[in-house]
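Residue numbering restarts at 1 for every chain, and letters A, B, ... go by the order of the sequence lines.
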Amino acid sequence: MKQFLYLWPFVKLGLTDVWRHKTRSFLTMLGVVFGVGSVIAMLAVGEGASQQALDSIKRLGSDNIMVQSVKPSGEEGGSTGSQRGTLAVYGLLYEDEERIRQTVPGVLMTVPARMTRRIARLGERQLEMRVVETVPGWFEVVQRPVMAGRVLSLNDLEVRANVCVLTEHGVRRLLAAEGMIGQRIRIASGVFEVIGIVKNETGGTVRAPDSEADAYIPITTGTRLFGEASIRYSAGGMEGEKVELSQIIVKMRDTSVVEMGSKAIEAVLERFHKKSDYRIDVPLTLLREAERTKRTYNIVLGTIAGISLLVGGIGIMNIMLASVTERTKEIGIRRAIGARRSRIVVQFLINTCVLSIGGGVVGVLLGVGIPLIITYFTDMPTVVQPYSLLLAFGISVAIGILFGLYPAMRAASLDPIEALRHE
Amino acid sequence: MIVRNRDFLRPAADEVIRLENVRRHYVVGDETVKALDGVSFSIKKGSYWSIMGSSGSGKSTMLNILGCLDRPSSGTYWLNGGNVAEMDDNALSDHRLKNLGFVFQSFHLIPQLTVCENIEVPMLYIGLSQSDRKGKAEALAAKVGMEHRLRHLPSELSGGQRQRVAVARALANDPAVLLADEPTGNLDSTTSVQIMDLFQELSEQGKTVILVTHEPDIAAYAKASIVLKDGVILTATEDAK
C-alpha cells in the first residue's frame, strides 16, 4: 500500500503526460490496441472454429468407426451397361456388415444405412428430400435429441412399416404449418406416417453422416419400396447407382480398441473389395487431428499477433525515447533534487506502462467486440476465452516494461549536470 | 607507510562543510584542465557564505562539488558528517536529497507540476505519505509567501514567484545547507531584493546558506565570502558570525 502511494504521483504524472500529448499518445497506443485486439479476436475465431469441429467430431462418438461407400475413381467398374445409360455398382454390402460384426474383436454393434435422395410430396408441395434408410440403432450411435414423438423401433424394421422420422430441418422444409406427428407424407412411391421429429446438427467443419438429412425411414421399408438402386435421369440418358449400403457405423466396446478395430475392419474389407470403394473414418483420429490443427493454428495466430504487438512495442519505445530527450531537463532537476537513478527508471517505466496498458484496455474491448461483429454478420461461431484476455493484457504490460526499459535506462543514465544545462 | 586513517580530517561538530585540499581535474584531449586545484575551507553550521569568482575561476565546478553532483578528483569533502568523495551514485543522490537544498538561477521547476506538487517532489523521494506531503508543502508555500498560488503551474507565475517556489522546494526536506546558484540572475532588481531578503530571513532562522554568484552586491548579503580565481582561493574573509 505504501509502495502504491509512492507510485501514485508518477502514475498521475504519466496520465497527465499522455493527456498533454493526446494525438501522439493515441497514435502510439494504436499499435498496442490493434496488437491486443487482434490477438483476442484471432484466438476467438480460431477457438470458435475448432470448438465447432471438436463438437461435431465428439458427437460422432469417439468410440465409433465410420465405414462409408465411395464411388471408385476412374473406370466405372462393375457396371451393367446399356447404350442409354450405365448402372454403377459399388460400395458396402450387408455381407460386409455381417463380416465386421462377426470377425472384428471389440465390436459392440453395427448400424447400416443408405442415404438417398427422394422426391417428397405433401399436398401441392414437392421437394427433393435427403432420406436416411437405417435401423433403430442409428439413434443410439448418432445421438439426436428427440423433439416430438418417437424414433424408429425394431418393430418398424420387422414389419417394414411405412413410417418416417423427420429432422427439424425436414419439418421446416416440408411440413411448415401443417400438423406434425401423424401427418401422412409421400416419399417417392410410398406414403409414410410421421412418427417423430429429431433435432438437426447445424453447421460444423466436420460433417456427421446425417448432418443434412431430412428424414429417416426403416431400411427394410426402403428396400421393399425402392430397391437398392437409385436412378437419376439426365439429358439424353440416365445414370444409375446400385449401392447396398452407403454407410456402416461400427460402435466399439471402448475408445481404447478403436484404432485396432479400424485396422481389423480395413483388413476384412480389403479381402473382399477389389476396388477401393469404401473409406474408413475414425472420429477419434479426426479428433486428434483437429486438436493438432488447432495447435498449429494457435501457433500461427500467436506469431502474427506477437509480431503486431512487437511493432506496437517498438512504436512505444520510439516515442519514449523522444520523450526522454524532451524531458532531459526535468530528469536533471529530479536527479539534482536527490532522485536515485532507479526512481527515474520507475518513473519512465510507469509512463510507458500507462501507454501500453491504456492501449491494452482499448485493445481488449476491440478484441471482444470484433468477434461479436463477425458472429453477427457471418454466423461463424467465435469463443472469447477469458484466458486470452488475460494473456493479451499481460502481454501489453510486458511490452510496456520491456520496451520502456531501454528509454528509462537511458533517462536514468544521464549526467545530472549535463541534463540541467540542457535547453 | 600509508596512513589509511584519515579521521584527523574529520570536521569539528559545528562544521557542516569541510573541504580538504580538493582538486578537480578534467582531461580534455591532451590537456589537463585544473578546474579546482587544492581548495580547503570549512563552513560552520548556521553561517551565511558567498562564493565569488568570474567565469573560468572554478566557481561552477565548486558548485557542482558542493552540491554533490560531482566528486573531487582528489581531496576530501565532508558534508554534514558524510565523506562525499567516497560515495557511490545512490549514496550521493540520498545525500543531495537529505542534506542539500538547491536554488537555481533559472528556477528549474518542473513545468507539468503545480506549485504544490513541485514543492512535494523531494518529499516524495524521501517517502512521506500524501497527507504529510500536502501539509508540509502548504506550510512551506506559506513561509515563502506563495500559499495563494498552490494550484498554479510555474508558467502562470512571475520570475520572483517561481524563485520563491524553488526556495520552498529546496527547504522541503529541511536540508543542512541551502545552496543557491545565482539566485537573482534572472530577476529584476526589486524582485532580487525580495529574494535576497528571503535568504536573509532563512539565515536568521539558523539555516546554513551558500550563495554562488559573480555579483558583488549580491555577495554582500552574505556574512563571509570566498573568492575563487583559477581554481584556487584568492581571498577568504573570516566568518563574522
Measure distances from Arg335(A) to the heavy atoms of chain B and classify the residue's part below 4.5 Å as side chain, backbone, both or neither. both
Ignoring hydrogens and angles, write down the donor-acceptor pairs under 3.5 Å from the side chains of residues 108-123 of chain B, residues two or more places apart or on other chains.
residue, atom, partner, partner atom, Å
Gln112(B), NE2, Glu330(A), OE1, 3.0
Thr114(B), OG1, Glu117(B), N, 3.2
Thr114(B), OG1, Glu117(B), OE1, 3.4
Glu117(B), OE1, Thr114(B), N, 3.0
Glu117(B), OE2, Lys12(A), NZ, 3.1
Asn118(B), OD1, Ile110(B), N, 2.9
Asn118(B), ND2, Ile110(B), O, 3.1
Asn118(B), ND2, Leu113(B), O, 3.1
Asn118(B), ND2, Thr114(B), O, 3.3
Glu120(B), OE1, Arg133(B), NE, 3.2

Tell me if a side-chain donor or acceptor on Arg340(A) pairs with a main-chain N or O of Asp94(B) at a distance below 3.5 Å. no
Give a yes or no on this: more than 12 heavy atoms of other residues, nucleotides or ligands lie within 6.0 Å of atom NZ of Lys134(B). no
Can you tell me how far CD1 of Ile126(B) sits from CD1 of Ile337(A), rounded to the nearest 0.5 angstrom? 12.0 Å
Closest heavy-atom pair, Tyr125(B) versus Arg343(A), reported as atoms and distance to 0.1 Å, is O-NH1, 2.9 Å
So does Tyr387(A) have more than 12 non-hydrogen atoms from other groups sitting under 6.0 Å from OH? yes
Side chain, backbone, both or neither of Asn90(B) within contact of chain A (heavy atoms, under 4.5 Å): both
Counting only heavy atoms not in Phe26(A) (residues, nucleotides, ligands), do more than 12 fall under 6.0 Å from its CZ? no
In this structure, are over 12 heavy atoms from other groups packed under 6.0 Å from Met409(A) atom CE? no
Roughly how far, to the nearest 0.5 Å, is CD of Gln347(A) from CG of Leu124(B)? 9.5 Å
Side chains of residues 29-41 of chain A: which donor-acceptor pairs under 3.5 Å do they make with residues two or more places apart or in other chains?
residue, atom, partner, partner atom, Å
Ser38(A), OG, Phe34(A), O, 2.8
Ser38(A), OG, Gly35(A), O, 2.9

How far does CG of Leu69(B) sit from CD of Glu418(A), to the nearest 0.5 angstrom? 11.5 Å
So, do Ile333(A) and Arg169(B) sit near enough that their side-chain heavy atoms are less than 4.5 Å apart? yes
Shortest non-hydrogen contact from Ser93(B) to Ala339(A)? OG-O, 3.7 Å
Does atom CD of Gln205(B) have more than 12 heavy-atom neighbours, drawn from other residues, nucleotides or ligands, at distances under 6.0 Å? yes
Spacing of Arg421(A) atom CZ and Ser60(B) atom OG [to the nearest 0.5 Å]: 7.5 Å
